[in-house]
Each structure stands twice: as C-alpha cells, then as structure tokens.
Amino acid sequence: AALTAVYASLKSGNGYYRQLYLSNLFGASDQGTPNAGRHGSFRRGTIESTDPNLPPVWIEIYASIRDANNVIANVPEITDIDESLKLRIVGEARFLRALNYFNLVRCFGEVPLRTEPVKPGEVGLPKSPIADIYKVIIDDLTYAAEYCWGFNEVRNGKVNNIGRVTKASAHALLAKVYLQIAASKRTASEGIAGNARYNGMSGTFQSYYQLCKEQCDKVLDQSNYKLVNSLVDWISIFDARNGNNLEMLFEIQGSSIVGQGTAISNLFTPREAGLSGGGFGGTNAFIPAFINNNIDRNDIRFQNSIIRQYQDLTTTYVLNANSNAYIRTITATGAPNGTLTRVFTSKYIDREATTEYTSQQNWHVIRLADVYLMRAEALAEMSLDPSSANTDLSILRNRVGMANFDGTGMTMPIFRRALLNERSAELSAEGHRFFDLTRMGVYDEYCRAAYGNADGARQAEDYTWPIPLIETSANPNIN
C-alpha cells in the first residue's frame with residue numbers, strides 16, 4: 001500500500017503529472033502555448049518565484065519524495081516478506097525518487113536533497129549542489145536496475161504488474177540522466193552559461209556519453225520490448241486504449257475512473273471537439289513559428305501525430321497546406337470563418353473521457369524510441385562522427401517508411417540540429433523539448449526563432465525555474 005501511494009503521488013493532485021507540470025514544460029519550450037495568459041511568463045522567459053504555476057509542482061514532487069523515502073526506510077525492516085519482493089519494492093521506490101529528483105534538478109537546479117523520512121521538528125534543508133543530487137539519482141537508478149523485475153515477470157507467485165517499474169525502465173532513465181549530464185557539461189565547456197552549474201561535476205562529458213550508451217545497450221538487450229514496424233502501428237501506440245504497449249518503458253497511468261485519471265487529453269486536444277472530456281481544453285498547442293522554423297514539418301511522424309480536422313459545437317477546422325494553422329468554416333453554412341493559428345497533437349485523443357480528469361491516456365515518461373535516439377546521440381558525440389548515428393536513427397525512420405538517416409560528411413553542429421529534428425518528430429509533445437533545448441545549449445536560439453527576439457530571448461538564469469517563494473520564505477536555510 002505504501003508503494004502504491006508513491007505511484008499515486010505522481011498524479012494525485014493537479015500540480016504534477018496530472019496537469020500543471022505538463023503545461024509548464026510545454027510552455028517553457030519553443031513549441032508555443034496559446035494559453036499565454038496563465039503561462040505567459042513561461043513563454044516570455046520571465047518566470048519569477050511568485051509565479052502561481054510553480055508551488056503546486058514543487059509541493060507535489062516533494063510529497064512524492066516523502067512517500068518514497070518512507071518506503072525506502074521502512075520496507076527493509078519488514079520480516080514476513082519474500083526477500084526478492086522486498087528488494088523489488090525498494091527498487092521501485094528508489095526509481096520513483098530518482099525520477100522526482102531528476103525532474104527537480106532539471107527544472108530548478110540546486111534544490112534541498114532529502115533522502116530520509118522527516119523527523120519531528122526538523123527544519124527545511126539548504127540547497128544541495130547538483131553533483132550531490134545526481135549522485136543520489138544515479139545510485140537510486142543503479143539499485144533499481146539491479147533489483148526491479150522484468151516486464152510482467154513472475155517470481156514466487158508474485159507478478160510485476162503492467163505499469164510498474166522494470167529493469168528496462170531503470171536502465172532507460174539512467175541513460176537519460178547520463179545524457180543530460182553529458183550534453184550539459186559539453187555545452188558548459190563551450191561557454192553556455194545556463195549550464196555552468198554542470199562544470200562542478202566530476203568526469204568528462206565524453207565519459208558520460210559512454211555511460212549513456214552502455215545503459216541504452218542494456219535496455220535494448222531486454223527482449224520484452226520492441227518497436228512497431230509500420231506507420232499504422234506507430235500511430236496506434238498513442239491510442240487511448242493502447243497504454244503500456246511494448247514501446248513504452250515507463251508511463252504515468254491514466255484511467256477513466258473518476259479520481260484516477262488525468263487531464264492529459266484536455267490539455268492537448270481542442271475543447272468541445274469530442275476528442276477529450278468536457279470542460280476546459282486546448283491548453284497546449286504548437287504555434288506556427290515553431291512549425292515553420294524549428295522542426296521538419298514534412299517528417300511523416302509529425303504529419304501523423306497532429307490533428308488534421310475536427311469540429312466543435314459550431315465550427316469545422318481543417319489543417320492548411322503549410323500544416324501550421326486550421327482554416328475555419330461555420331459548420332452549418334460552410335461560410336469561411338478565418339484561421340486558427342495553432343496546431344494540436346493527436347497523441348492524447350481520448351473520445352471516451354467524460355470529464356477533464358477521466359482520461360485513460362497514459363503520459364509517456366520514457367519509451368523505447370528515445371533509447372535509440374539517445375544512443376545515436378551518444379555514439380556521434382563520442383566519435384565526433386555523425387555517421388555513427390546512422391543505424392539507430394535509420395531504424396526509427398525505416399519503421400514508419402522513411403528513408404535512412406545519413407550523417408556522412410555532416411559537421412557536428414549540423415548533426416545536432418538534425419538530431420533535434422529527429423527527436424521533435426518522434427517525441428513531439430511528450431515533455432522532452434524544454435530539456436533537450438537547455439541541455440543542448442540552444443534554448444535562446446530556438447525560442448527566438450519561435451517567439452521573436454523580445455519574447456524569445458533566454459538568459460542563463462532562464463535555464464532553470466526559480467524556487468517558489470512559498471519555499472524560500474518558509475525555509476530559513478535557503479537564501
């Protein structure tokens with residue numbers, strides 16, 4: 001029950017994976033947010049400690065860490081439980097704690113690091129250096145990779161139920177951690193001030209790319225996961241009824257049961273279009289400049305992961321020839337009604353949702369395609385030869401009917417831009433973009449291209465969000 005509470009804490013309130021955190025990540029990227037009223041500061045890079053979008057995220061992540069710490073501290077003392085199961089339970093809790101701290105360190109930088117249950121009367125902790133935070137993350141995921149079970153594995157009559165952490169989940173997230181460190185250290189060494197905090201971490205950036213590659217290999221050695229092999233099947237992996245399919249390494253579980261679902265479908269699909277539950281909708285959508293300037297709009301994966309036509313109560317919307325807006329007509333008369341300058345992803349449609357929070361769509365924390373993308377990046381960065389990425393990137397392209405990737409003769413700067421195109425086409429609207437732009441040191445460049453020089457300018461301090469005022473005012477150990 002205690003471990004179940006840790007899983008539940010990822011979506012128990014509206015601040016974390018159930019709603020707000022997802023919109024924060026989208027709004028902080030270059031993808032655009034039409035709901036600029038609420039997330040205008042994220043779009044403009046002017047987030048302050050008083051921003052109302054920050055406290056719910058902060059509070060709910062630390063509540064999840066608290067619950068994980070309790071499991072990690074108390075389960076080893078239980079005597080009437082199978083030892084393999086005990087190790088698995090602790091491994092799952094350590095994975096979830098690592099995920100929480102990984103989100104914190106990427107979003108906020110240096111944060112308080114609490115790894116034991118809170119004692120009565122204990123005051124808030126000071127901020128810890130990111131090297132200390134990453135050590136806990138890496139140790140937790142290393143433990144999880146050793147002691148968590150395989151996908152649907154059965155031991156001593158106990159099943160590792162679908163939706164739980166697996167060995168592959170842990171190896172994949174650990175690869176992502178190593179890649180975050182590697183790319184951030186590389187760009188810091190090249191003068192990107194927003195990543196300067198990574199200079200304090202030991203080791204070379206090349207060594208972290210190697211560690212990333214090794215973890216990716218371990219994921220791909222697992223026989224329980226596999227890529228689909230056609231465009232039709234690729235589209236189907238995002239079907240609301242196809243959660244936890246063999247491409248998904250770890251997901252936040254959605255549900256049509258009241259109190260157990262999320263707002264994912266309402267956040268990413270248009271309101272009152274029969275594509276999500278009733279209530280609010282359309283919070284997160286791509287803006288034209290992102291599509292025009294920052295991605296390959298002709299990539300078949302992008303073209304097949306956007307909504308091409310829909311209707312609301314009065315209006316019909318049809319994607320235009322440039323794939324960057326919808327042409328509107330009055331449904332009853334066919335009369336032209338202007339243009340809607342945004343485009344919605346089709347990855348989170350749930351026609352069976354009844355309210356804002358009854359989407360059975362899962363949130364894809366990490367999936368198998370990302371492992372191929374990460375290994376491709378690591379191989380190219382280690383060798384400084386973009387053709388080293390050919391095999392892994394071509395596997396992802398070929399399965400949807402695209403031609404091979406060929407990095408032969410590319411310079412590394414051109415390759416890195418091509419890689420970002422591959423990542424955006426494959427992983428669009430899945431929560432990776434803000435982190436990709438910051439670790440790659442191109443946050444300012446891409447946001448200017450999407451929002452213009454005024455709203456798009458990003459300084460070093462914009463690479464992370466400020467710790468919320470509610471924490472700094474209540475915690476005497478944070479300056």
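No cation-pi contact links Arg458 to Tyr463, judged by a cut-off of 6.0 Å to the six-membered ring centre and 45° from its axis. A cation-pi arrangement, defined by a distance under 6.0 Å to the six-membered ring centre and an angle within 45 degrees of its axis, is absent between Arg328 and Tyr317.
Under the ring-ring contact (aromatic ring centres under 6.0 Å, His included) criterion, Tyr209 pairs with no residue at all, not counting sequence neighbours. Legend: residues meeting ring-ring contact (aromatic ring centres under 6.0 Å, His included) with Tyr16, ordered by chain and number and at least two apart, are Tyr21.
The main-chain N or O of Asn152 is never found under 3.5 Å from a side-chain atom of Asn160 such that the two would form a donor-acceptor pair. Between the side chain of Asn266 and the backbone N or O of Gly278 there is at least one donor-acceptor pair closer than 3.5 Å. One N or O on the side chain of Asp350 and one on the backbone of Glu352 form a donor-acceptor pair closer than 3.5 Å. The closest donor-acceptor contact from the side chain of Asn322 to the backbone of Asn324 lies at 3.5 Å or more, if one exists at all. No donor-acceptor pair under 3.5 Å is formed between the side chain of Ser323 and the backbone N or O of Arg297. Judged by distance alone, the side chain of Asp82 and the main-chain N or O of Ser84 form a donor-acceptor pair under 3.5 Å. Side-chain atoms of Thr187 never come within 3.5 Å of backbone atoms of Met440 as a donor-acceptor pair (strictly under, hydrogens ignored). A donor-acceptor contact shorter than 3.5 Å is absent between the side chain of Asn362 and the backbone of Gly243. A donor-acceptor pair under 3.5 Å links the side-chain atoms of Ser184 to the main chain of Gln180, judged by distance alone. In this structure a side-chain-to-backbone donor-acceptor pair under 3.5 Å is present from Asn245 to Ile237.
Side-chain contact between Ile181 and Ile138: present, with at least one pair of heavy atoms (C-beta onward) separated by less than 4.5 Å. When side chains are defined from C-beta on, Tyr134 counts as touching Val105, because their heavy atoms get closer than 4.5 Å. In this structure, Tyr178 and Lys213 have side chains that are not in contact, with every pair of non-hydrogen atoms separated by 4.5 Å or more. Under the 4.5 Å side-chain criterion, counting only non-hydrogen atoms from C-beta, Glu471 is in contact with Trp58. Val365 places a side-chain heavy atom less than 4.5 Å from the side chain of Ile252. Counting heavy atoms from C-beta on, the side chains of Arg397 and Asn404 never come closer than 4.5 Å. The shortest distance between side-chain heavy atoms of Thr166 and Leu249 does not fall below 4.5 Å. A heavy-atom distance below 4.5 Å is not found between the side chains of Thr329 and Thr315.
Taking the six-membered ring where the residue is Trp, Phe26 and Phe268 present perpendicular rings, their angle passing 60° and hence far from 30°. Aromatic ring pairs are classed by plane angle as parallel below 30°, tilted from 30° to 60° and perpendicular above 60°; the pair Phe415 and Phe405 is perpendicular. Below 30°, between 30° and 60°, or above 60°: for Tyr326 and Phe344 the angle between ring planes is below 30°, a parallel geometry. Note: Tyr101 and Tyr62 have perpendicular aromatic rings, judged against thresholds of 30 and 60 degrees for the angle between ring planes.
Distance CG/Leu85 to CD1/Ile81: 4.0 Å, rounded to 0.5 Å. Phe238 contributes atom CZ, which lies 8.0 Å from atom OG of Ser346 (distance to the nearest 0.5 angstrom). Put simply, CG on Leu427 and CD1 on Ile366 are 9.5 Å apart, with the number rounded to the nearest 0.5 Å. The structure places NZ of Lys347 at 12.5 Å from CD1 of Ile307, a figure rounded to the nearest 0.5 Å. The distance from the OH atom of Tyr357 to the OG atom of Ser265 is 12.5 Å, given to the nearest 0.5 Å. In this structure, the separation between CG on Asp233 and CG on Asp239 is 11.5 Å, given to the nearest 0.5 Å.
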**OP:** Could you go through the side-chain hydrogen bond (donor to acceptor under 3.5 Å, both in side chains) check for Arg114 and Asn69 one step at a time?
**Re:** CA-CA 8 Å; Arg114 188 178 294 280; Asn69 284 341; over 6 Å; no

**OP:** Would you please test Glu426 and Trp234 for side-chain hydrogen bond (donor to acceptor under 3.5 Å, both in side chains) and show each step?
**Re:** CA-CA 10 Å; Glu426 180 69 46; Trp234 184 84; 2.9 Å; yes

**OP:** Would you check, one step at a time, whether the test side-chain hydrogen bond (donor to acceptor under 3.5 Å, both in side chains) holds for Ser359 with Thr262?
**Re:** CA-CA 5 Å; Ser359 174; Thr262 71; 4.6 Å; no

**OP:** For the pair Leu54 and Asp51, evaluate side chain to side chain contact (heavy atoms under 4.5 Å, CB included) and give the outcome as yes or no after the intermediate values.
**Re:** CA-CA 6 Å; Leu54 297 179; Asp51 194 298; 4.1 Å; yes

**OP:** Go through the steps for Arg399 and Glu247 under the test salt bridge (Lys or Arg N to Asp or Glu O under 4.0 Å), then give the verdict.
**Re:** CA-CA 13 Å; Arg399 69 183 180 139; Glu247 286 217 15; 2.3 Å; yes

Original post:
What's the verdict on side-chain hydrogen bond (donor to acceptor under 3.5 Å, both in side chains) for Arg308 and Gln303, showing C-alpha distance, side-chain angles and the deciding distance?
Top reply: CA-CA 9 Å; Arg308 309 188 71 81; Gln303 287 292 325; 2.9 Å; yes

Subject >> Derivation of the salt bridge (Lys or Arg N to Asp or Glu O under 4.0 Å) call for Arg375 and Glu214 >> reply: CA-CA 9 Å; Arg375 189 169 70 173; Glu214 291 170 1; over 6 Å; no

**OP:** Begin from the C-alpha positions of Trp363 and Gln253 and carry the test side chain to side chain contact (heavy atoms under 4.5 Å, CB included) through to its verdict.
**Re:** CA-CA 7 Å; Trp363 180 258; Gln253 302 297 300; over 6 Å; no

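Taking each heavy atom of Ser23 and Thr283 in turn, the nearest pair found is OG-CG2, 3.7 Å. Counting all heavy atoms, side chain and backbone alike, Phe102 lies closest to Val177 at CZ-CA, 3.7 Å. Here the closest non-hydrogen pair linking Gly15 and Glu60 is N-OE2, 2.9 Å. Counting all heavy atoms, side chain and backbone alike, Cys148 lies closest to Arg155 at O-NH2, 4.5 Å.
Results of the side-chain hydrogen bond (donor to acceptor under 3.5 Å, both in side chains) test with Tyr446 over Arg433, Gln31, Arg417 single out Arg417 as the only residue that passes.
Glu146 and Arg94 are not joined by a salt bridge, as no carboxylate oxygen comes within less than 4.0 angstrom of a charged side-chain nitrogen. Under the 4.0 Å criterion applied to side-chain N and carboxylate O atoms, Lys176 and Asp370 are assigned as salt-bridge partners. In this structure, Arg416 pairs ionically with Glu381, as a charged nitrogen and a carboxylate oxygen lie closer than 4.0 Å. A salt bridge links Arg367 with Glu430: at least one charged nitrogen is closer than 4.0 Å to a carboxylate oxygen. At a threshold of 4.0 Å, the pair Arg301-Asp299 counts as salt-bridged, since one of the basic side-chain nitrogens sits closer than that to a carboxylate oxygen. Ion pair Arg88/Glu153 not flagged as a salt bridge, since none of the NZ, NE, NH1 or NH2 atoms sits closer than 4.0 Å to an Asp/Glu carboxylate oxygen.
Separation of the Phe250 and Phe95 ring centroids falls under the 6.0 Å cut-off.
Enclosure of atom NZ in Lys135 is not indicated, since only 12 or fewer non-hydrogen atoms of other residues, nucleotides or ligands lie within 6.0 angstrom.
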